[in-house]
Amino acid sequence: MSDDQPSYGFETLQIHAGSKPDPATGARQTPIYQNTAYVFQDADHAARLFNLEELGFIYTRLLNPTVAALQERVATLEGGVGAVACASGHAAQVMALFPLMSPGDNFVASTRLYGGSVNQFNHAFKHFGWEVRFVDTEDLNAVRAAFDGRTKALFCESIANPGGYISDMEALAGVAKEKGVPLMVDNTTATPYLCRPFDFGADLVIHSTTKYLTGNATTMGGMVVDKGTFNWGASAKYPAMSTPHASYHGLNFAETFGPMAFTFFSIAITLRDIGMCQAPMNAFQTLLGIETLSLRMDRTCSNAKAVAEFLERHEQVEYVSYAGLANSPYAARASKYCPKGSSGIFTFGVKGGYEVGKKVVDNVKLFSHLANLGDARSLIIHSASTTHRQLTPEQQTAAGAGPEVIRLSIGLETAQDLINDLDQALKAATA
Ligand SMILES: *Cc1c(COP(=O)(O)O)cnc(C)c1O
């Protein structure tokens, strides 16, 4: 794709964005540049690269051609100015916050998050001196009240994992704007095909590319995408970005790079010094996955809707939490934020609670019982005894993962086969 093509559709961009024929060989598919370092043209070229006066390849911890192709593709699909890949979704959350936070700072986050994120925020981030303040983002006044002078970001998921909840991103973006901090949205579950958080006021988008973007459970990866419109120099809140940086002879990232400040900081400081870079092979696998993203997400959504509608009518099922159901409390938000579908992750409550929930997962034959989502295969897990096990009962319930809750990640199989499998497992569990 040449650089002067302004307006291709999503399906074209998911195949072509970031992926030109290889300049050295003409290879049409993006090659796996499985190498660590790059020869400089001469000493001056090397100096310009190291001074960030010219963007180029120095060392794969910072930038690699295969990884760069993936970064450009995801930035394009999300509508951002830049994106930086890293080793996993959890690494992406560190990468998103690292330029913003100092010891003693805090950020406000939705209670409805991936269980691993709740743990990371609550416990691991304490080692950096970062504090998380969890709030129910349905109560905007509670969100406002959680802020103080050292709050540096507001964090939510677009379609929240696991409970079929959709964040009111536009309202949260309003609060973030009032408070002068960026809204960060984890868009893993929706993908840019179903939802584009930047269109609703988000400033940074985070992905675990491990999930739907790759789409086949082969590859770990993460990504932070920047919309490029947040003004890091508007207040004194973000000194690492907006004051002279000691590790680049006093370079001021916000002043020098403007809309690309976050992207350059992430490459030149975060990846260089923290080192959670993505492997070229992983970027290649994810590029392949993204080529079929729209097709897979359409199928994921229609399968999920069929399974959810079946479960809703099932006598051994107490309730189904899926934003794609007509009677979901989040149906209006679904049609606003993700009109093409509500993705493939949802939960349902079994009658009989914890013990029956465990039996259902022990009796499925086609679904795989494991801790992942966004695979081509359908997956099942009993959240309270696994992914959300480390949380308190109150945190479990707040995250939509109470004792009766079973989470499904619906894959691309024949919908009727998935329905039949759940039906026999529910019957066996309550026999
Ligand atoms: C899986 C996941 C993560 C963490 O990503 P990893 O790639 O497993 O590190 C973060 N957020 C959401 C919503 C996820 O599903």
Side-chain angles (χ1 to χ4, degrees), residues 49-55 58-59 61-63 71 75 80-109 117 120-121 124-133 146-155 176-177 179-186 202-207 222-278:
L49 293 179
F50 274 90
N51 269 344
L52 301 181
E53 288 159 24
E54 183 179 328
L55 185 61
I58 299 174
Y59 191 66
R61 174 157 26 81
L62 284 73
L63 200 60
Q71 290 173 166
V81 298
V84 183
C86 55
S88 70
H90 268 11
Q93 291 173 171
V94 175
M95 204 165 70
L97 288 160
F98 184 75
L100 281 54
M101 304 282 285
S102 300
D105 286 347
N106 66 74
F107 65 105
V108 174
S117 300
Q120 183 192 41
F121 293 178
F125 282 1
K126 277 203 186 116
H127 295 274
F128 303 151
W130 302 349
E131 180 202 346
V132 61
R133 298 180 171 183
F147 276 74
D148 67 13
R150 297 203 65 174
T151 305
K152 301 299 169 80
L154 177 57
F155 187 103
K177 212 173 171 103
K179 300 289 187 183
V181 307
L183 175 65
M184 299 180 172
V185 177
D186 181 337
D203 299 290
L204 293 167
V205 162
I206 294 162
H207 280 287
M223 186 79 71
V224 181
V225 192
D226 182 18
K227 187 181 186 191
T229 52
F230 190 85
N231 183 356
W232 304 103
S235 71
K237 277 189 176 41
Y238 305 104
M241 299 274 280
S242 67
T243 62
H245 206 285
S247 78
Y248 275 100
H249 318 300
L251 180 76
N252 180 320
F253 280 82
E255 237 171 61
T256 309
F257 299 114
M260 291 299 284
F262 182 90
T263 302
F264 275 76
F265 190 100
S266 297
I267 294 169
I269 306 284
T270 314
L271 286 180
R272 186 195 65 175
D273 296 344
I274 311 296
M276 69 285 251
C277 58
Q278 184 166 122

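All values below come from the heavy atoms of this structure, side chains included, with hydrogens, waters and symmetry mates left out. Because the structure is predicted, anything quoted here is derived from the model rather than measured.
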How long is the gap from CZ on Phe253 to CG on Leu52, to the nearest 0.5 Å? 5.5 Å
List in chain and number order the residues that pass ring pair (Phe, Tyr, Trp, His ring centres under 6.0 Å) with Phe121, two or more places apart in sequence or in another chain; answer none if no residue qualifies. Phe107, Phe125, Phe155
Provide the closest heavy-atom pair for Val181 versus Thr151 in the form atom of the first, atom of the second, distance. CG1-O, 3.4 Å
Report yes if some heavy atom in the side chain of Leu97 is under 4.5 Å from a heavy atom in the side chain of Met184; otherwise report no. yes
Step by step, would you call Met276 with Val94 a side-chain contact (heavy atoms from CB on, under 4.5 Å)? CA-CA 9 Å; Met276 69 285 251; Val94 175; 3.8 Å; yes
Residues pairing under side-chain hydrogen bond (donor to acceptor under 3.5 Å, both in side chains) where one sits in residues 80-98, two or more places apart or in two chains, turn out to be Gln93-Ser117, Gln93-Gln120
Could you give the distance from CG (Asn252) to CE (Met241), rounded to the nearest 0.5 Å? 9.5 Å
Are the side chain of Arg61 and the backbone of Arg272 linked by a donor-acceptor contact shorter than 3.5 Å? yes
Go through the steps to decide whether Arg133 and Asp148 satisfy the test side-chain contact (heavy atoms from CB on, under 4.5 Å), and finish with yes or no. CA-CA 11 Å; Arg133 298 180 171 183; Asp148 67 13; 3.0 Å; yes
To the nearest 0.5 angstrom, please state how far the CH2 atom of Trp130 sits from the CZ atom of Phe98. 6.5 Å
From Asp273 atom CG to Ser247 atom OG, the distance as rounded to the nearest 0.5 Å: 6.0 Å
Taking all non-hydrogen atoms of both residues, which atom of Pro99 and which atom of Ala240 are closest, and how far apart? O-CB, 3.7 Å
By ring pair (Phe, Tyr, Trp, His ring centres under 6.0 Å), which residues pair with Tyr238, not counting sequence neighbours? Phe230, Trp232
If you take all heavy atoms of Gly233 and Ala254, which pair is closest and at what distance? N-CB, 4.3 Å
Donor-acceptor pairs are to be reported for all side-chain atoms of residues 258-269 against protein atoms at under 3.5 Å, with residues two or more places apart or in another chain.
{"from": "Ser266", "atom 1": "OG", "to": "Phe262", "atom 2": "O", "distance (Å)": "2.8"}

Which heavy atom of Lys179 sits nearest to which heavy atom of Lys237, and what is that distance? O-NZ, 3.4 Å
Checking Glu255 now: which residues fulfil salt bridge (Lys or Arg N to Asp or Glu O under 4.0 Å) with it, not counting sequence neighbours? none
Which atom pair, heavy atoms only, marks the closest approach of Leu204 to Ala96? CD1-O, 4.3 Å
May I have the step-by-step check of side-chain contact (heavy atoms from CB on, under 4.5 Å) for Ile274 and Met95, ending in yes or no? CA-CA 9 Å; Ile274 311 296; Met95 204 165 70; over 6 Å; no
Could you note down all residue pairs passing salt bridge (charged side-chain N to carboxylate O under 4.0 Å, His left out) where residues 94-105 supplies at least one of them, sequence neighbours left out? Asp105-Arg150, Asp105-Lys152
Any chance you could measure Lys177, atom NZ, to Asp203, atom CG, to the nearest 0.5 Å? 8.0 Å
Between Val84 and Thr270, does the side-chain contact (heavy atoms from CB on, under 4.5 Å) criterion hold? Intermediate values first, please. CA-CA 10 Å; Val84 183; Thr270 314; over 6 Å; no
Here the gap from His245 atom NE2 to Thr256 atom OG1, rounded to the nearest 0.5 Å, amounts to 12.0 Å
If every non-hydrogen atom of Ala75 is compared with every non-hydrogen atom of Ala83, which pair is closest and at what distance? CB-CB, 3.8 Å
